[in-house]
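Below is one structure, written out as structure tokens; comments come after it.
As the structure is a prediction and not an experimental result, all values here were calculated from the model. Throughout, numbering of the chain's residues begins at 1 and tracks the sequence.
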Amino acid sequence: MKPGTDNSKTLLAEELERRFSRRGTLRARLRRAVQVLLWLGVVQTTSLGKRAVDMGVALLLGMLFLPLMAPLWLWSKTQGKGLARSPRLGRWAVPYREWELTLPDTRLGRIAAMLHLNAVPALWNVVRGEMSLVGPRAVAPGEVSLAEQLVRRRHNVRPGLVCLWWIRQRANIAYGTEAEADAEYVDTQTVKGDLAIVLRAIPAMLYGEGIASASDEVAILGMRINNLTMDETLDALMAWADGDKPRQLCFVNADCMNIAFRNAAYREVLNRADLTVADGIGLKLAGKILRRDIRQNVNGTDLFPRLCATLDGRAGSVFLLGAKPGVADAVADWIRERHPAVRIAGTRNGYFTAEEEPEVIRQVAESGAQLLLVAFGAPRQDLWLAEHLPQLGVRAVMGVGGLFDFYSGRMPRAPQWMREIGMEWVFRFIQEPRRMWRRYLVGNVVFLWRVLAQRLREG
Ligand code: UDP
């Protein structure tokens, strides 16, 4: 639900705000009592350990930042800014005021804001027990309805300076909704988990945001990228499946860009594909460097379960072509188990001879599949699809690289926390260093170097 769109909603928040704003000694006493309880952490639904860590770390950080913040505050005061407090809703929708340093719109002010120094005074809210270091995002009164508070289960914990959703947005992997991320956090939180989230917030800060200003199409190293989110890509695929002609989706990551740099045929396929989407943290960084923000990391592996869920809802069908013998069948089992309404139109491994190729194409064409996933690795899969698109008779096709290996259980995928810090490639490198060292250790540097050169050329 969008803020302020539903007037009929009874806001627990507004109700509490009204009650608290009535003057009188009862209100003052009540408020003090709640605060003392919160401060002590006695009525915690979470552990006292979390409260102790919050308090300890907030005090420590506060002391560390003081020598930096004091002059910054004085400077911002001379510019007509300074400290401010904004109304927020805390745990159980109890209102509090969040401290922040307002910064003038000058170069120094912008740098300080980029480093999030404006949020440092909120450490005081943490010390007071109104906030946590980690928790769902603090919302203003009226921003989230009671119903949504309940869905998010956020009413049971203190809002945090850092939240899971914020980190995922910055790593470009904020699929789903903020409410789901909140609920996931509340259901799984531990003190150790919180510390890990704080650590993950450090690279997240560097990745920056910028989704709002992104355009629909961006050019990176001469390649056209369709700047879509995961949901937009899914919508496009579904529209294709119902459409009248075959269309191809390509995922490009930093490695694909390097291959395209020296392989003209592949470059042409990517530029001619109906959609080419940005996969991975390398493209996000490239977008950042070139001031063309990439909206989301749209990769096959994260798209796949969402695609299956969508197909499940409309009894769609899919053909799985590629990987070693037996692997595509294991992926088919994965789909059948979770999405029984999806029809597996066919499976076939990706090791066939030139003589067998017409037979493979015939098998796909006769399967009646709406979607075709091909896992031969880049660039072969994309070149092969582009070449045979008219004969394949499938309206939505895409090359998916190592996806079948993940979903068949043949290869483990990087844990969520590694993806949140943009380090999935490190995991893949460790799994197969001999095959991957050139792709990642050399390839990433070469790619970023070319991007920097483009930026310098563009001035
Ligand atoms: N593969 C295939 N036929 C071939 C060569 C490779 O089906 O002739 C498969 C291989 O088994 C693997 C996938 O293609 O499942 C390529 O995986 P890789 O990890 O290289 O893909 P990436 O995601 O890195 O593009």
Side-chain angles (χ1 to χ4, degrees), residues 151 164-165 167-169 171-184 211 225-243 247-253 273-281 283-284 294-322 328 330-345 347 369-375 381 394-409 411-416 418-420 422 424:
V151 170
L164 210 54
W165 181 247
I167 290 177
R168 288 186 187 165
Q169 272 184 321
N172 272 19
I173 55 167
Y175 316 122
T177 63
E178 184 178 6
E180 284 160 7
D182 280 353
E184 179 189 328
I211 286 186
I225 309 279
N226 297 99
N227 203 357
L228 301 188
T229 63
M230 188 64 93
D231 285 343
E232 288 164 347
T233 310
L234 273 175
D235 288 347
L237 285 172
M238 288 305 118
W240 292 0
D242 296 333
R247 291 185 168 91
Q248 184 176 1
L249 167 70
C250 296
F251 299 96
V252 281
N253 56 28
D274 296 275
L275 282 177
T276 300
V277 291
D279 166 358
I281 198 71
L283 268 282
K284 152 121 200 172
I294 299 293
R295 286 200 191 121
Q296 217 165 48
N297 172 346
V298 186
N299 60 81
T301 315
D302 281 317
L303 181 109
F304 180 69
R306 292 168 173 84
L307 182 65
C308 293
T310 314
L311 287 176
D312 202 7
R314 42 176 28 235
S317 56
V318 61
F319 194 108
L320 307 170
L321 172 63
V331 180
D333 289 340
W334 185 98
I335 300 177
R336 282 191 201 103
E337 210 170 283
R338 289 160 184 84
H339 303 288
V342 177
R343 184 172 75 85
I344 308 293
T347 59
Q370 288 179 304
L371 269 106
L372 169 64
L373 272 57
V374 175
Q381 58 195 16
V394 182
R395 283 174 299 225
V397 308
M398 69 192 103
V400 292
L403 183 148
F404 292 179
D405 293 327
F406 296 132
Y407 284 92
S408 63
M411 296 264 268
R413 191 175 176 203
Q416 174 78 9
M418 276 189 113
R419 287 181 260 153
E420 280 171 359
E424 181 161 20

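The nearest pair of heavy atoms linking W165 to A181 is CE3-CB, 3.7 Å. The two atoms that bring L311 and S317 nearest to each other are CD2-N, 4.4 Å, heavy atoms only. I294 approaches A278 most closely through the heavy-atom pair CG2-CB, 3.7 Å. Nearest heavy atoms, F404 versus G322: CD1-O, 3.6 Å. Of all heavy-atom pairs spanning M230 and Q296, the tightest one is N-OE1, 2.7 Å. Contact record, E180 with G176: OE1-CA, 3.4 Å, taken as the closest heavy-atom pair.
Note that the CZ atom of R419 and the CG atom of N297 stand 10.0 Å from one another [nearest 0.5 Å]. Taking OG1 from T233 and CG from D302, the interatomic distance works out to 11.5 Å, rounded to the nearest 0.5 Å. The CD atom of Q248 sits 8.0 Å away from the OG1 atom of T276 when rounded to the nearest 0.5 Å. To the nearest 0.5 Å, the span separating CG on L275 from CG on L237 amounts to 7.5 Å. Note that CZ of R395 and CG of L372 are 13.0 Å apart. Values are rounded to the nearest 0.5 Å. Within the model, atoms CE of M398 and CG of L307 stand 5.0 Å from one another, a figure rounded to the nearest 0.5 Å.
When the side-chain hydrogen bond (donor to acceptor under 3.5 Å, both in side chains) test is applied to T347, the partners found at least two apart in sequence or on another chain are D329. With sequence neighbours left out, the side chain to side chain contact (heavy atoms under 4.5 Å, CB included) criterion links E420 to L164, I167, R168, I173, R200, Q416. Here E232 pairs with R295 under the salt bridge (charged side-chain N to carboxylate O under 4.0 Å, His left out) rule; sequence neighbours left out. Applying the side-chain hydrogen bond (donor to acceptor under 3.5 Å, both in side chains) test to D235 and every residue at least two apart in sequence or in another chain returns nothing. Scored by the salt bridge (charged side-chain N to carboxylate O under 4.0 Å, His left out) test, R314 finds D242 as partners (sequence neighbours excluded). For R343, the side-chain hydrogen bond (donor to acceptor under 3.5 Å, both in side chains) criterion is met by no residue, not counting sequence neighbours. Annotation: side chain to side chain contact (heavy atoms under 4.5 Å, CB included) contacts of R336 (sequence neighbours excluded): A332, D333, I344. Partners of D182 according to the salt bridge (charged side-chain N to carboxylate O under 4.0 Å, His left out) rule, which considers only residues two or more places apart in sequence or in another chain, are R152, R154. Remark: Q370 engages no residue in a side-chain hydrogen bond (donor to acceptor under 3.5 Å, both in side chains) (not counting sequence neighbours). For P412, the side chain to side chain contact (heavy atoms under 4.5 Å, CB included) criterion is met by F427, Q431, not counting sequence neighbours. Taking W334 as the reference, F304, Y407 meet the ring pair (Phe, Tyr, Trp, His ring centres under 6.0 Å) condition, with sequence neighbours excluded. Scored by the side chain to side chain contact (heavy atoms under 4.5 Å, CB included) test, I281 finds Y207, K284, W425 as partners (sequence neighbours excluded).
D274 places no side-chain N or O within donor-acceptor distance of the main-chain N or O of L249, the cut-off being under 3.5 Å. When atom types are taken as modelled, the side chain of Y175 and the backbone of V298 share no donor-acceptor pair closer than 3.5 angstrom.
Between N299 and the options N172, D279, L283, a side chain to side chain contact (heavy atoms under 4.5 Å, CB included) holds for only D279.
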